[in-house]
Protein chains: 2
Amino acid sequence: MRHRRRTGNEIKAALRDLRIQLALLNHQVGGELALKDVDLDCLDILARDGSLTPSVLARRAGLHPATLTGILDRLEDAGWIARDRARPDRRSVTIRVLPDRGMEVFRLYQPMMSAMDDVLADYTEAELELIATFLRRSAAAGERVLGRSAVES
Amino acid sequence: MRHRRRTGNEIKAALRDLRIQLALLNHQVGGELALKDVDLDCLDILARDGSLTPSVLARRAGLHPATLTGILDRLEDAGWIARDRARPDRRSVTIRVLPDRGMEVFRLYQPMMSAMDDVLADYTEAELELIATFLRRSAAAGERVLGRSAVES
DNA sequence: TCATATAGTATGGATCTCATAAGATATGGA
DNA sequence: TCCATATCTTATGAGATCCATACTATATGA
C-alpha cells in the first residue's frame, strides 16, 4: 500500500528531527555541567552498559584510545568517574561512574522528563507498550547496523 | 495505574538508548565523510530548517558565532554548503546546502534505513501513524524545553 | 550626519584529538 | 622457567578545534 511507505518516511523524518532535538538538549545540559558532548555520551554509555574498561568504551564510542584517556582525565578530575585497578588483569582499568553528581544531571533533565510525561499522558497503556517496543527495536536496529560496519573496518 | 508509570519510564529509557545509538551512528557516518559530529549536526539542522544565516544557525545549534565560522569554513571547503551574499541586508549571509554530496550521505545511511524498514514492517498503518505522531510530539517537546531555557539565559 | 547596533569574520590562546611511542603486564611456546 | 609477542593504558607532541575578543562592513534611528 502507498500509505505505508509515506508513513514510514514520516517516521524516519520525525526520528531525524528527534535526534537533532535530543542532541541539542544534551549539548545544552553539557554546557551547564562544563562537559563536552562526547563526555556526556561516554557517561551515557557507561550508565547504559555499566562499568567498562577504557578500551571497550573507546571501541563502543568509536573513539581512539588516547582520546578516551583525555576524556577520562576530565571526567575523573570533575568527579564523575573513578578508575579502579583491581582486576585479574592488572593492566586493565575499570571505569566506575560515581553517584555524587547524579542529582545535578537529574535536575537538568527534569524539564524534558516533565514534557515527555505530558506527551505520554495522551496514550493508553497498550499504546505506551507499543511505543516502548518500537523504540527498543529501533535502538536494537541501530546497534546491529553499527555492529556490522564496525566488524568490516 | 502503576503500570502506566513503569511503561513511561521504559519509554524514557528506550529513548535514551536510541539517542545514544543514533549519535554513535552519526559519529560513524561523520567519520567516513571526514566531518565532525557538530558539522553533521549543522547540516542536519540546515536540512530540516532550510537556508539560514550564520547567526541564526549558531543560536539554533547552541554555538558561538566564531565557532560557527570555523564550521562553515570546513563545510564550504569540502563542498557541502555555499555562502550567498545577496540579501536586503548586505552584512548578512545565507547558508545554502549544496546537493552535490547528497548521494554519499544517502548511501551511508542506507543500512540504518533498511533496518528501520524491517522494524516498521511489523506494524499496521494505524500503528505507524501512532508512532509517527508520538515521535513528532516528542521532538516538539524537546524544542519547547530547549526554547524555554534558551530564553532564560 | 553621525552615534550606536548588528552580521560576520580574523586573531590568538587555551583546549582537544589522535598517531605514535613507551611502560606495565599477560600469554604461550621453547 | 624464560622470553618473544601481544595487549592495556597512558605520555607526548603536532595539528585541529573552540571561542573571547576585536575588527570591518553595513544598517538604523535620532
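Proteins get letters first, then strands, A, B, ... in listed order; numbering begins at 1 in each.
Across the interface with DNA chain C, nearest-nucleotide mapping of B:S92 and A:K36 shows B:S92 to be the residue nearer the 5′ end. In terms of position along DNA chain D, the nucleotide closest to A:R59 lies nearer the 5' end than the nucleotide closest to the other residue of the pair A:H27 and A:R59.
Applying side-chain contact (heavy atoms from CB on, under 4.5 Å) to A:R137 and the options B:L18, B:D118, B:V119 leaves one that passes, B:V119.
A:D37 places its CG atom 10 Å from the P atom of C:dT17, with the value rounded to the nearest Å. In this structure, B:L72 atom CG and C:dA7 atom P are separated by 15 Å, rounded to whole Å. In this structure, A:D84 atom CG and D:dT9 atom C1' are separated by 15 Å, rounded to whole Å. Rounded to whole Å, atom P of C:dG8 lies 14 Å from atom CD1 of B:I71. Here the C1' atom of nucleotide D:dT17 and the CG atom of B:D41 are 15 Å apart, to the nearest Å. The distance from atom CG of A:L68 to atom P of C:dC18 is 11 Å, rounded to the nearest whole Å. Between the CG atom of A:L35 and the C1' atom of C:dT15 there is a distance of 15 Å, rounded to whole Å. The CZ atom of B:R85 sits 12 Å away from the C1' atom of C:dT6 (whole-angstrom rounding).
In this structure, the side chain of A:E127 engages the main chain of A:T124 through a donor-acceptor pair within 3.5 Å. In terms of modelled atom types and a separation under 3.5 Å, the side chain of A:H27 and the main chain of B:G62 share a donor-acceptor contact. With hydrogens and angles ignored, the 3.5 Å screen pairs a side-chain donor or acceptor of A:R85 with a backbone N or O of A:R91.
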query = Along nucleotides 20-30 of chain D, 5' to 3', which nucleotides get a B, which get an S, and which get a -, given that the test is a protein heavy-atom distance under 4.0 Å?
reply = BB---BBS---

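Atoms CG and CE, on B:D117 and B:M112 in that order, are 10.5 Å from each other to the nearest 0.5 Å. The CZ atom of B:R16 lies 13.0 Å from the CD1 atom of B:I11; values are rounded to the nearest 0.5 Å.
A donor atom on one side chain and an acceptor atom on the other are not found under 3.5 Å apart for A:R19 and B:Q21.
Among D:dC19, C:dG8, C:dT17, the nucleotide with an atom closest to any side-chain atom of A:R74 is C:dT17.
In DNA chain D, runs of at least 3 consecutive Watson-Crick or G-U pairs, each pair with both distances below 3.5 Å, span C:1-30 with D:1-30.
At the heavy-atom level, A:P65 lies under 4.0 Å from base atoms of the strands shown. In this structure, B:T69 reaches the bases: a heavy-atom distance under 4.0 Å links it to at least one base atom across the strands shown.
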task = Could you go through the side-chain contact (heavy atoms from CB on, under 4.5 Å) check for B:Y123 and A:L130 one step at a time?
result = CA-CA 10 Å; B:Y123 294 96; A:L130 180 91; 3.6 Å; yes

request  = Give the intermediate values and the outcome of salt bridge (Lys or Arg N to Asp or Glu O under 4.0 Å) for residues A:R107 and A:E104.
outcome  = CA-CA 5 Å; A:R107 188 176 57 75; A:E104 286 178 72; 5.8 Å; no

